[in-house]
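Below, read A as the first sequence line, B as the second, and so on, with proteins coming before strands; counting in each chain starts at 1.
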Number of protein chains: 2
Amino acid sequence: MNKPANIREVARRAGVSITTVSRALNGYPDVNEETRKRIMAITEEIGYIPNAVAKSLVTQESRSFGFILSGLIRGSKHTIIQECLCGIYAFAREVGYEVTMFPVDSAMQLKKSYMQFSREHNLAGVILQGIRTDDEYSREVFSSDLPCVLIDIPADRNRVGSVSIDNEAASAAMTDYLLSQGHRNIAFVNGKEAAAVSTQRYEGYVSAMRGASAPLRWDYVLNGEFDEEIAYREALRFLPEHPEVTAAYCASDLMAIGVMRAAAELGIAVPEQLSVTGFDDIPIAAYTTPSLTTIQQDFFLNGYEAARMLYDIIQGKDVPHRKKTPHRLLERNSAGSIQGGSPLRT
Amino acid sequence: MNKPANIREVARRAGVSITTVSRALNGYPDVNEETRKRIMAITEEIGYIPNAVAKSLVTQESRSFGFILSGLIRGSKHTIIQECLCGIYAFAREVGYEVTMFPVDSAMQLKKSYMQFSREHNLAGVILQGIRTDDEYSREVFSSDLPCVLIDIPADRNRVGSVSIDNEAASAAMTDYLLSQGHRNIAFVNGKEAAAVSTQRYEGYVSAMRGASAPLRWDYVLNGEFDEEIAYREALRFLPEHPEVTAAYCASDLMAIGVMRAAAELGIAVPEQLSVTGFDDIPIAAYTTPSLTTIQQDFFLNGYEAARMLYDIIQGKDVPHRKKTPHRLLERNSAGSIQGGSPLRT
DNA sequence: AAAATCCTCCAAAACGTTTTCGGTGAGACA
DNA sequence: TGTCTCACCGAAAACGTTTTGGAGGATTTT
C-alpha cells in the first residue's frame with residue numbers, strides 16, 4: 001500500500017515550493033501561467049489529490065453539514081429520512097459542501113453527544129431530525145453557538161432555525177375536508193405525545209372540529225404511537241364501541257393503514273361505511289385498496305430547505321429562522337361523502 | 001464563536017505535557033493513576049473533545065467506511081439503500097467506525113472520482129452499491145489497492161469482495177414455483193441490461209424453464225428497465241398479443257406492480273387469469289391488491305455483511321471474498337395455481 | 001537615474017493530534 | 001556504593017495542508 005502523493009512531491013517535481021503549488025491549485029492570481037500549467041500537468045500525471053483532512057485541519061472549517069437523525073431503523077416502511085437526506089445532499093452539492101451523518105439509535109447507549117460529534121468533525125453546522133426536544137443532548141446543541149436547524153421541531157431559541165410544514169393548518173384542512181363531506185363524528189388517531197408534530201396536529205383537529213361545532217369528545221382521540229400495529233389494535237377496540245363515528249383521521253399513513261386493516265377485519269367497508277385518512281403520503285399510501293386520502297408532505301424539500309437555511313446561518317446572513325414548506329391534501333379513495341347515499345354504520 | 005479547547009489547554013491546566021494528556025486519554029499504561037484522574041477531571045470540566053480531524057491526519061487512518069452509491073434519488077419508492085445504509089451503520093458501530101457517504105447521481109457531472117473522494121478523506125475502505133461495473137471510476141477503484149467490497153456486483157478481481165443473494169438460484173426458484181403451479185408460458189420482465197443482477201436473474205429463469213422443458217421464447221422476455229411505468233407500458237402491449245401466457249415473473253416488485261396495473265386495465269384478473277410475481281420484497285409489495293408473491297431479500301444484511309467483510313479485509317484477515325446472503329420466496333396472493341380451476345385466458 | 005510598482009515566488013508558522021525516543025528519579029540488587 | 005530496572009513523563013518530529021509576510025527581479029513611473 002504505497003502512500004498517495006502529497007503536495008511536497010508535486011512541488012519537488014515542479015521545482016517550486018509547496019506554497020506555489022497550493023496557490024496554483026487554489027486559483028490564486030499571483031502565479032505565473034506557465035508555472036501553473038506545469039504544476040497542473042504534474043498533478044495530473046502522478047494523480048495527486050489534495051488531502052481534505054489536512055486542509056480542514058488548517059482552515060478550521062470542513063465545508064460539511066452534519067445530519068443528526070433518529071429513526072434510521074431496520075425495516076422502516078417509509079422513505080422519509082431517505083428523501084430528507086437526498087434533499088440535504090442536493091443543496092450541499094450546489095454549494096460544494098459535504099454531509100456527515102450521525103444516526104442516533106434510541107436503543108444504543110449514546111456514549112457520544114451530538115456536540116462531541118460536531119466538534120470532532122469540525123462541522124460547520126448541523127441539521128437535526130426526529131430528535132426529541134427534551135433530550136439532554138439537543139439542549140447542549142441549542143445552547144451552543146453551533147449553527148443549527150431543526151426539522152419538524154419548533155425552535156424556541158432564536159439562534160436556531162426550523163423547517164416543517166404548517167402541521168396545525170394541514171391538520172385543520174384535513175378535518176375540514178372530512179367535515180365538508182358530511183362527517184360529524186370524527187375520530188382522531190394521534191402519534192407519540194412527545195413529538196411536537198403530534199400536538200400541532202391535535203390542535204388543528206380540535207380547532208377545526210370546534211369551528212364546525214362538531215362533537216369534540218376525549219374518547220374520540222386515540223393514541224396510535226405512529227405505529228401501524230398499535231393503531232390497528234386501538235381501532236379494533238374502538239370501532240365496535242362507537243358505531244356512530246363515520247370517519248377516522250390518522251396522524252400518519254401507517255396508522256391509517258392499520259385502521260383500514262382493522263375495519264376490513266370487522267367487516268366495515270372503507271370508504272362506504274367508514275372514511276379513513278392519513279398523513280405524510282408515503283409511497284405505500286398510493287397502493288393500498290382503497291388508496292389513501294392523505295396530506296402530502298415534501299420531505300425532500302424539507303431537507304433541501306433545512307440545508308439552505310443552515311448555509312445562510314453559517315454565512316452570517318440575516319435570514320428568517322422559520323420556514324414552512326407547502327403541503328397538499330391528496331384526495332384519493334379512502335374517504336367519501338356521507339351524502340353519497342352510503343348508510344351510516346348506526 | 002470562541003474556539004473549542006484543545007489538548008494544549010488541558011495540558012496547561014493540568015501542569016503536564018500534551019504527551020501525557022494524549023496518553024492518559026487513550027488509555028496508555030505509563031501514566032500515573034493520580035495524574036490521569038486529574039487530567040480526566042479537567043477534560044470534563046472544560047468540555048474538551050479530541051479533534052478527530054487532527055487525529056486522522058497524524059494516524060493516517062480514519063476508522064471510516066466509505067459508502068459510494070448511486071440511486072439516492074428523490075421520490076424513490078423502495079427502501080433498499082436505506083436498509084443497506086442502516087446495516088452498514090450497524091456494523092460500523094460495533095467496531096467503532098464511522099461511515100462517510102458519497103452518493104453519485106448519474107445526472108450530475110461527476111467532477112470527483114470515487115478514488116479522489118476516498119483519498120481526500122483517508123478512507124479505510126469503500127463499499128460500492130448500484131455502481132455500474134463498466135464505469136470508468138469503478139475501474140479506478142478496482143485496480144487500486146484500496147480495500148473495497150461490492151454489493152450486487154460480482155467481483156472479478158480477487159482483492160475486492162462482493163456480497164449479494166444468489167440471484168440465479170433465487171430466480172430459478174421463482175420460475176420453478178410458477179412451473180409447479182402449472183404454468184408453462186411464463187413471461188419474464190427483466191431490468192436494465194447493464195446491471196449484473198439482471199443477467200443473473202435471466203440465467204436463472206432460462207435454466208429453470210429449460211429444466212422443465214417449458215417454452216423458451218425470446219419474445220417472452222420483456223425489458224422493463226426496473227421501472228414501474230415502462231413495465232406497465234410493455235405489459236399493456238404484450239398481454240393482449242399473448243393470451244396464452246398465464247404468468248409474468250418480474251425482476252423487481254415495482255415492475256410487477258406496473259404489470260398488475262396493466263392487467264387491471266385490460267380486465268385481466270390477477271391471479272385468476274394471470275399470475276404476477278416480483279423480486280425484492282419492498283414495503284409496498286405487502287400492501288397491493290392482490291399482495292405480491294416475491295423473492296425477499298435482506299438489504300440490511302447485505303449492508304451489514306459488506307461492512308463486516310470490508311473490515312476483515314482492512315484488518316488483513318484472510319477471509320472469503322464472496323458472501324451470499326439468504327433469500328426467501330414469499331408466497332402471497334398475486335400468483336396462483338392453474339389447476340386451481342381458474343380458466344386460462346385463451 | 002532613482003523610485004515606485006508589479007509579478008512571481010519562497011520560508012516558515014500554524015492547525016491539533018500521535019508517537020518515538022529519551023530523560024529523570026526511585027527503588028532493587030549486586 | 002554502583003548499576004540496573006522500572007514507572008512516569010517531556011521534547012520534538014511528523015501528518016499535509018493554507019496563509020502570512022516578505023524577497024528578488026523586472027517593469028513602469030516620476
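- Using a 3.5 Å distance cut-off with no hydrogens or angles, the side chains of A/Asn6 and A/Asn51 do not pair a donor with an acceptor.
- A donor-acceptor pair shorter than 3.5 Å can be found between the side chains of A/Thr325 and A/Asn302.
- Rounding to the nearest 0.5 Å places CD1 of A/Ile127 at 10.5 Å from CG of A/Leu69.
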If you look only at distance, which donor and acceptor atoms sit under 3.5 Å apart when one is on a side chain in residues 13-22 of chain B and the other is two or more places apart or in another chain?
| unit_1 | atom_1 | unit_2 | atom_2 | d |
| --- | --- | --- | --- | --- |
| B/Arg13 | NE | B/Glu9 | OE2 | 2.9 |
| B/Arg13 | NH2 | B/Glu9 | OE2 | 3.4 |
| B/Ser17 | OG | B/Thr19 | N | 3.3 |
| B/Ser17 | OG | B/Thr20 | N | 3.3 |
| B/Ser17 | OG | B/Thr20 | OG1 | 3.2 |

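- B/Ile39 has its CD1 atom 13 Å from the P atom of C/dT17, to the nearest Å.
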List, with names and distances, any nitrogen or oxygen atoms from the protein found under 3.5 Å away from nitrogen or oxygen atoms belonging to nucleotides 24-26 of chain C.
none

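- Applying the salt bridge (charged side-chain N to carboxylate O under 4.0 Å, His left out) test to every pair with at least one member in residues 305-314 of chain B, sequence neighbours left out, gives these pairs: B/Glu305-B/Arg308, B/Asp312-B/Lys317.
- A/Ile7 has its CD1 atom 14 Å from the P atom of C/dA11, to the nearest Å.
- Across residues 17-37 of chain B, B/Ile18, B/Thr19, B/Ser22, B/Arg23, B/Asn26, B/Tyr28 each have a non-hydrogen atom less than 4.0 Å from an atom of DNA chain C (numbered order).
- Atom NE2 of B/His121 and atom P of D/dT17 are 13 Å apart (whole Å).
- Remark: the backbone N or O of B/Gln82 is not paired with any side-chain donor or acceptor of B/Thr79 at under 3.5 angstrom.
- Ring geometry for A/His121 versus A/Phe117: interplanar angle of 30 to 60°, hence tilted.
- Taking five base pairs at each end of the helix from C/dA1-D/dT30 to C/dA30-D/dT1, the local helix axes there meet at an angle of 60°, rounded to 10°.
- The aromatic ring centres of A/Phe67 and A/Phe102 sit 6.0 Å or more apart.
- Annotation: proximity of residues 42-63 of chain A to DNA chain D (heavy atom, distance under 4.0 Å) is found for A/Tyr48, A/Ile49, A/Pro50, A/Asn51, A/Ala54, A/Lys55, A/Val58, A/Thr59, numbered in ascending order.
- Side chain to side chain, B/Ser64 and B/Thr100 meet the donor-acceptor criterion of an N or O pair below 3.5 Å.
- Atom CD of A/Glu34 sits in a sparse spot, with 12 or fewer heavy atoms from other residues, nucleotides or ligands closer than 6.0 Å.
- The interatomic distance linking B/Asn122 (CG) with C/dT17 (P) rounds to 17 Å, in whole Å.
- In this structure, A/Arg119 places its CZ atom 13 Å from C1' of C/dG16, rounding to the nearest Å.
- For the pair A/Glu9 CD and D/dG16 C1', the interatomic distance rounds to 13 Å; values are reported in whole Å.
- Note: A/Tyr311 and A/Phe65 have perpendicular aromatic rings, judged against thresholds of 30 and 60 degrees for the angle between ring planes.
- Counted by atom type alone, B/Tyr304 and B/Glu94 present one or more donor-acceptor pairs between their side chains at under 3.5 Å.
- Crowding of B/Asp318 atom CG: a count of heavy atoms from other residues, nucleotides or ligands under 6.0 Å not exceeding 12.
- Between the CZ atom of B/Arg8 and the C1' atom of D/dA12 there is a distance of 13 Å, given to the nearest Å.
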